[in-house]
Amino acid sequence: MLMETKPRRSTYVPQEIEPKWQKIWVGRGVMKASDKSPKPKYYDLVMYPYPSGDLTVGHARNYVMGDILARMKRMQGFEVLHPFGWDAFGLPAENAAMKRGVHPETWTLENISKGKRELKMLGILYDWDREVTTCMPDYYRWTEWLFLFFYERGLAYRAMSPVNWCPVDQTVLANEQVINGRCWRHPDVEVEKRDLEQWFFKITDYAERLLNDLQLLEKWPHKVRVMQTNWIGRSEGAEVDFPVVGHEGESIRIYTTRPDTLFGATFMVLAPEHPLVDKMTTDEHRTRVREYVEQARKETEIERLSTEREKTGVATGGFAINPVNGEKIPIWVADYVLVTYGTGAIMAVPAHDERDFEFAKKYGLPVREVIRPSESADGDLTTAYVGPGVMVNSGQFDGLDSNTGFDRVIDWLEEKGIGKRTVKYRLRDWLISRQRYWGCPIPIVYCEVDGIVPVPPDRLPVLLPKDYKPLADNPEFWRTTCPKCGRDARRETDTMDTFVDSSWYFLRYASPHDNNEPFDPELANHWMAVDQYTGGVEHAILHLLYSRFFTKVLFDAGMLDVSEPFVRLFNQGMVKRFGQVMSKSAGNGVSPDELVDKQGADAGRIYEMFIGPPEEDVEWNDAGVNGVVKFLHRVWRLVLEPESIVLTGPSAAADPDLLRRKVAQTVKNVTDDYDDLRFNTAVAYLMELANALQDYLQSGGARDEGWDAAVRTLVKLLNPIGPHISEEMWERLGEGGPERGLLADASWPEFDAAAAAEPQVTLVVQVAGKVRDRLAVASGLSKEQALAAALASDRVRAALNGSKPSKVIYVPNKLINLVP
RNA sequence: GCCGAGGUGGCGGAAUGGCAGACGCGUCGGUCUCAAAAACCGAUGAGGGCAACCUCGUGCGGGUUCGACUCCCGCUCUCGGCACCA
């Protein structure tokens, strides 16, 4: 068969070139970060994953984003730190172990090597010498060290407390891990309350700074800052003591954010768990109160916190005195008051609080108006009025604006010594104990004589035993001797929340093999802060708040120069398929293997960026990848086989100046878009440039130096997002290759503003705001010149219909609007 | 309920207050071919007109402006977060 009538054309076969370049990059150490480079540093970090063995191209999307940025920053002359690691402790490993009878460590390490292979086949480059795996003793030794570091500073403590217990995971959870009263891993499982002695980190000490410093995080998504602000939940108000009738010297302390409504307090409410409930209860109410308290304890968090539910409560029979007016008011118990917030007791002001109003109406308690929206309003209240206004029925404060009254009442309370200005936070301390095997041991020993004794740092790590069973059931693990007195003692058998591991991993990347300390402060300070942090929004509170807390503690200790870890944060959207988030377990995942096999890594990478705005959730469309494959074939042909492009007749496109301008403009647009993570439009600009190159050839453009430069610029701009094909083309163009140097090491194109400038512009001519003509005119026309040009147009004259423009708006080089 | 983001062709989506729909997918027509695929060329918001063109058009209703997808007010729907925190 005579197939070879035409000269044989090289074709783009991604499967042939991709492994080749991946090998060369690794061999050349392309993404190795040098600690001693004179270049400016750039720390490009993606949130390290849990090694679930479930890596799909959906998860890979944010790693590709990080890779694009790392590759461009390198070409721009930065020394880039682009590391990777594994959040390797955690429950799924134990669940898999139980299901399949394989040790959690085996399962985890297998998944890690699988994941690493998949990332590599997508052409994503990391400095693997800095890889961090949190379940390895050389890492968790330092997690333990940091625990002790916190302990010494009084930031880790043990306390008995009602805690959230997930019955499925058989462990306690932090507040941040409870969503609507349910476990964050099991949306259908309600958490239980249990009283347990547990370890806490004192994150509340940092509430104010964690809140205030959010203002420094200008390059964080607004949404995340709002979420953290709400989570910390700062409020200003006053604590006030209400003396109790019949109990000399006893008083109930309440917290209110509305001291200006103090005169409107007509009853008080204690939380069922409040310590004074029993004392306040009179004999004839005792049975009912006890029953109520008992019932409230039994209710789940969900039931209690439901705002739909009608409020319930019982009177104690006791009374207190409102200190501002000496009035005797009844004390109630109701579960709408939470013992965990404020003082666990409130003054109820039904006229100006919706919850108190509802309660007062139900139980026939008095409602007294003390804030009036305006002087003229009448005193009729059918709902609570919660806004500001004028104080009434408030003794010496009558007539004051309620905002002013807020401060005046507090001043008065402080003078009298019955109250004080107070700031409260909703943030609670971070519960870090977990009753699980596969986690970082808490390096503490309990001695009958010496009590809680920290394991001396030189005896770290406390190794996790190889025997997979609960630590509490493993005497070989917990039997030990007291580091202080040498007597028999017992080890702590809880492990740490895995969020402790992830609160400092970004510091370990700076000196991952340091055997003397968790991180080398000098190197950490060299690389920190993280310039770009990319990951899912699901960590908006949890991981990001904890990491900020750790950073501040280490800053205070003088170990870090920065008090905020992440300068710029980006939350990428999720990739869905058939309407659901892509995952292997859901059966709708596309694996890197499939993708690389079918269309190639480059097409996959580019498609994932082109599919939609990076911050939005996107729907994966199998056919959509083919559009990108087509684009890459076209680029291949334009760059390497330009002579095969046929003339398709006369066209005005074969203008070398036009081509040069287009190239210069594309440099600007693509660079800016990569920098701002607008990858979807960056791809569009690359496609436009390819279209322009094609138009140029099809209309007979010469393949001269201008053409050569244009092609080389396109290849460079394509490199961060489509690294294999561009590297191959670079070599075939005779520019690079293993001998002459890699495109990955080449310099990024400079923006040439002069070349990008348009000598001619399209002037839009409007008549009364409607477009009537478009004129090609020289750049920089004066208003008079522009008007003359506009009036020379037949279509404009027709639209004006003989009338003279009474007003002319001229936007140079853009538009002229004639208003008749 | 409160807070935040959003609503643009058949679809994914572009647009510092200045040409709405870049770029791509899909669809239709064409070239090439025995034929098909691929590739290439052209068309593609709606309505009207033989045509040059005209009218309408960015969730709904108002407003500001010479000019509004963009700014302001009110409404509506979708998504995300918080949800008795006194």
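Below, chain A is the first sequence line, B the second, and so on; all start at residue 1.
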Colleague: Measuring centre to centre across the rings, with the benzene-like ring taken for any Trp, is A:W620 within less than 6.0 Å of A:F578?
Modeller: no

Colleague: B:C25, OP1 or OP2 - any side-chain N/O from A:K630 closer than 4.0 Å?
Modeller: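 So the side-chain polar atoms of A:K630 do come within 4.0 Å of the phosphate oxygens OP1 or OP2 of B:C25, strictly under.
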
Colleague: For the residue pair A:G612 and A:N680, what are the closest heavy atoms and their distance?
Modeller: O-CB, 3.6 Å

Colleague: Let me know the distance between CZ of A:R225 and P of B:A5, rounded to the nearest Å.
Modeller: 12 Å

Colleague: On a whole-Å scale, what distance lies between the P atoms belonging to B:G26 and B:A37?
Modeller: 13 Å

Colleague: Quick check on RNA chain B: between A:R795 and A:N691, whose nearest nucleotide comes earlier from the 5' end?
Modeller: A:N691

Colleague: Any side-chain heavy atom of A:V349 sitting closer than 4.5 Å to one from A:T266?
Modeller: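 When only atoms from C-beta onward are counted, A:T266 and A:V349 do not touch, as no gap falls below 4.5 Å.
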
Colleague: Are the charged groups of A:D407 and A:R421 less than 4.0 angstrom apart, N to O?
Modeller: yes

Colleague: Select base, sugar-phosphate, or nothing to describe what A:N626 touches, counting heavy atoms under 4.0 Å on all strands.
Modeller: nothing

Colleague: Please identify which of these residues, A:D672, A:D673, A:N669, meets the side-chain hydrogen bond (donor to acceptor under 3.5 Å, both in side chains) condition with A:R678.
Modeller: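 Exactly one candidate clears the test, A:D673.
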
Colleague: Taking only N and O in the side chain of A:R637, is any of them less than 4.0 Å away from OP1 or OP2 of B:A39?
Modeller: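 No, A:R637 has no side-chain N/O under 4.0 Å of OP1/OP2 on B:A39.
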
Colleague: When rounded to the nearest Å, what value does the distance between C1' atoms of B:U70 and B:G17 take?
Modeller: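 That atom pair is separated by 7 Å.
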
Colleague: Round to the nearest Å and state the distance from A:E619 atom CD to B:C25 atom P.
Modeller: 18 Å

Colleague: Where the side chain of A:H222 is concerned, which of B:C84, B:G4, B:U16 is the nearest nucleotide?
Modeller: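 In terms of side-chain proximity for A:H222, the closest of B:C84, B:G4, B:U16 is B:G4.
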
Colleague: Please measure how far the P atom in B:G49 lies from the corresponding atom in B:U55, and state the result in whole Å.
Modeller: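 Each nucleotide's P atom is 16 Å from the other's.
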
Colleague: If the P atom of B:A5 is compared with that of B:C72, how far apart are they to the nearest Å?
Modeller: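 To the nearest whole Å, 11 Å.
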
Colleague: When you measure from the centre of the six-membered ring of A:Y341, is the NZ or CZ of A:K424 closer than 6.0 Å and no more than 45° off the axis?
Modeller: no

Colleague: How many whole angstroms separate atom CZ of A:R634 from atom C1' of B:C23?
Modeller: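 Spelled out: CZ on A:R634 to C1' on B:C23 is 11 Å.
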
Colleague: Please compare A:V628 and A:W231 by the position of their nearest nucleotide in RNA chain B and report the one closer to 5'.
Modeller: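 Final value for this comparison: A:V628.
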
Colleague: Between A:K662 and A:E688, is there a salt bridge with N-O shorter than 4.0 Å?
Modeller: yes

Colleague: Looking at A:F570 versus A:W220, is the centre-to-centre ring distance below 6.0 Å?
Modeller: no

Colleague: Determine, for A:F751 and A:K668, whether the Lys NZ or Arg CZ falls below 6.0 Å from the six-membered ring centre while staying within 45 degrees of the axis.
Modeller: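 Ring-cation test returns yes.
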
Colleague: To the side chain of A:K814, which of B:G18, B:A86, B:G24 is closest?
Modeller: B:G18

Colleague: Is the glycosidic torsion of B:G74 within 90° of 0, making it syn, or is it anti?
Modeller: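 It is anti.
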
Colleague: Using the C1' atom as the point on both nucleotides, what is the distance between B:C75 and B:C82, in whole Å?
Modeller: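 Approximately 24 Å lies between the C1' atom of B:C82 and that of B:C75.
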
Colleague: Taking 4.0 angstrom as the limit, do A:E619 and A:K576 come out as a salt bridge?
Modeller: no

Colleague: Between A:S793 and A:L775, what is the shortest heavy-atom contact and its length?
Modeller: CB-CD2, 4.4 Å

Colleague: Find the distance A:R678:CZ to B:C23:P and express it as a whole number of Å.
Modeller: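 It works out to 18 Å between those atoms.
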
Colleague: Does this structure show an ion pair linking A:E608 with A:R61, if we count only N-O contacts that are shorter than 4.0 Å?
Modeller: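 A salt bridge is absent here (no side-chain N lies under 4.0 Å from a carboxylate O).
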
Colleague: Of the listed nucleotides (B:U55, B:A39, B:A14), which one gets closest to any side-chain atom of A:R772?
Modeller: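 Nearest listed nucleotide: B:U55.
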
Colleague: From the set B:C19, B:C23, B:A86, return the single nucleotide nearest to any side-chain atom of A:R774.
Modeller: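 Closest nucleotide to the A:R774 side chain: B:C19.
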
Colleague: Nearest to the A:V226 side chain among B:C3, B:A14, B:A86, which nucleotide is it?
Modeller: B:C3

Colleague: Going through the checks in order, is the side-chain hydrogen bond (donor to acceptor under 3.5 Å, both in side chains) test met by A:Q694 and A:R634?
Modeller: CA-CA 9 Å; A:Q694 184 161 326; A:R634 206 141 56 91; 3.0 Å; yes

Colleague: What contact category does A:G627 fall into here, base, sugar-phosphate, or nothing, at under 4.0 angstrom with non-hydrogen atoms?
Modeller: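 Result for A:G627 = sugar-phosphate.
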
Colleague: Which letter, B, S or -, goes with each nucleotide of nucleotides 66-71 of chain B from 5' to 3', with contact meaning a protein heavy atom under 4.0 Å?
Modeller: B-----

Colleague: Write down the distance separating the C1' atoms in B:A68 and B:G61, rounded off to the nearest Å.
Modeller: 16 Å

Colleague: I'd like the C1' distance from B:C50 over to B:G9, given in whole Å.
Modeller: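 Nearest-Å result for B:G9 against B:C50 at atom C1': 27 Å.
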
Colleague: If the cut-off is 4.0 Å, is A:Y336 near the phosphate of B:A86, judged by side-chain N/O to OP1 or OP2?
Modeller: no

Colleague: Run through RNA chain B and report every stem of 3 or more consecutive Watson-Crick or G-U pairs, distances under 3.5 Å, ordered by first number.
Modeller: B:1-7 with B:76-82, B:10-12 with B:23-25, B:26-31 with B:39-44, B:45-48 with B:53-56, B:59-63 with B:71-75

Colleague: What's the closest nucleotide to the side chain of A:D335 if the choices are B:A22, B:C84, B:G24?
Modeller: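 From the listed options, B:C84 comes nearest.
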
Colleague: In this structure, how many angstroms lie between the P atom of B:G24 and the CG atom of A:L686, rounded?
Modeller: 12 Å

Colleague: Counting any heavy atom closer than 4.0 Å, what does A:K424 reach on the DNA or RNA strands: base, sugar-phosphate only, or nothing?
Modeller: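 The answer is nothing, as A:K424 stays clear of every strand by at least 4.0 Å.
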
Colleague: With the side chain of A:Q694 defined as its heavy atoms from C-beta on, choose the nearest nucleotide among B:G81, B:A86, B:C40.
Modeller: B:C40

Colleague: Please report the distance separating the C1' of B:C3 from the corresponding atom of B:G24, rounded so that it comes out in whole Å.
Modeller: 36 Å

Colleague: Counting any heavy atom closer than 4.0 Å, what does A:S235 reach on the DNA or RNA strands: base, sugar-phosphate only, or nothing?
Modeller: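 Here A:S235 touches the backbone only, sparing every base.
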
Colleague: Between A:R258 (CZ) and B:A86 (P), how many Å, whole number?
Modeller: 12 Å

Colleague: Ignoring the backbone of A:V771, work out which of B:C19, B:A14, B:A86 is nearest its side chain.
Modeller: B:C19

Colleague: Could you state the CD-P distance from A:E615 to B:C79, rounded to the nearest angstrom?
Modeller: 19 Å

Colleague: Base, sugar-phosphate or nothing for A:V337? Non-hydrogen atoms, less than 4.0 Å.
Modeller: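 Answer is base: heavy atoms of A:V337 come under 4.0 Å of a base.
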
Colleague: Provide, to the nearest angstrom, the distance between the CG atom belonging to A:N669 and the P atom belonging to B:C23.
Modeller: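 Roughly 13 Å, once rounded to whole Å.
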
Colleague: Assign A:K223 to base, sugar-phosphate, or nothing according to its heavy-atom contacts below 4.0 angstrom with the strands shown.
Modeller: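 Contact class for A:K223: sugar-phosphate only.
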
Colleague: Can you tell me which nucleotide in B:C84, B:A22, B:A86 comes closest to the side chain of A:A684?
Modeller: B:A22

Colleague: Choose from B:C56, B:C84, B:C19 the nucleotide whose nearest atom is closest to any side-chain atom of A:K770.
Modeller: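 Closest nucleotide to the A:K770 side chain: B:C56.
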
